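Worksheet for the structure shown next.
Side-chain atoms are counted along with the backbone in the values below, which use heavy atoms only and exclude waters and symmetry mates. Everything numeric in this text was worked out from a predicted model, so none of it was measured.
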Amino acid sequence: QVQLVESGGGLVQAGGSLRVSCAASGRTLSMYAMGWFRQAPGKEREFVAAITWSTAYTVYADSVKGRFTISRDNAKNTVYLQMNSLKPEDTAVYYCATRRSFATKYELQLRTEYTYWGQGTQVTVSS
């Protein structure tokens with residue numbers, strides 16, 4: 001079992017920045033990759049970014065490429081999502097998730113490929 005806890009969400013004006021974190025505990029050695037997903041009201045949960053633990057290979061959704069950066073601190077078992085140039089359409093609950101086995105670039109973007117999920121943190125961007 002792996003437990004994930006997100007933090008760092010909040011309210012920010014458009015054009016601003018915010019960093020959310022995801023701390024993992026439990027059987028962390030079994031983790032292969034961590035992903036960030038988000039869900040806005042009335043919409044499906046969508047992929048944002050993913051990173052592999054060992055090689056730090058990263059994948060981004062086109063909508064956040066160039067604005068968001070995912071990184072990890074192996075010593076702290078924590079993954080970060082630095083969000084810059086935020087837009088009102090980035091408003092959502094942000095969830096982190098992890099999977100234990102190898103995944104292709106395509107699979108890293110699928111929420112069904114992740115096993116453990118955090119409870120989410122709200123990010124609100126005002127216009």
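- Relative to the ring axis of Tyr95, Arg38 does not place its NZ or CZ within 45° and under 6.0 Å from the centre.
- Atom OG1 in Thr115 sits 10.5 Å away from atom CG in Leu4 (nearest 0.5 Å).
- Side chains of Leu108 and Tyr57 form a contact here, defined as non-hydrogen atoms less than 4.5 Å apart.
- Placement of Ile51 and Phe47 in two distinct hydrophobic clusters is found when ILVMFWY residues are connected by side-chain heavy-atom separations under 4.5 Å, directly or transitively.
- Counted by atom type alone, Thr124 and Gln122 present one or more donor-acceptor pairs between their side chains at under 3.5 Å.
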Criterion ring pair (Phe, Tyr, Trp, His ring centres under 6.0 Å) on Phe68 and Tyr60, from CA distance to verdict: CA-CA 8 Å; Phe68 290 12; Tyr60 294 93; 8.4 Å; no
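- Applying the salt bridge (Lys or Arg N to Asp or Glu O under 4.0 Å) test to Glu6 and every residue at least two apart in sequence or in another chain returns nothing.
- Tyr116 OH to Met31 CE: the interatomic distance, rounded to the nearest 0.5 Å, is 11.0 Å.
- A centroid separation of less than 6.0 Å is found between the aromatic rings of Phe37 and Tyr114.
- With sequence neighbours excluded, no residue forms a salt bridge (Lys or Arg N to Asp or Glu O under 4.0 Å) with Arg100.
- The main-chain N or O of Lys105 is found under 3.5 Å from a side-chain atom of Gln109 such that the two form a donor-acceptor pair.
- One hydrophobic cluster holds both Val123 and Val48 under the rule that ILVMFWY side chains link at heavy-atom gaps under 4.5 Å.
- Residues Asp90 and Lys87 are not paired through a salt bridge, judged by the lack of any N-O separation under 4.0 Å between the basic side chain and the carboxylate.
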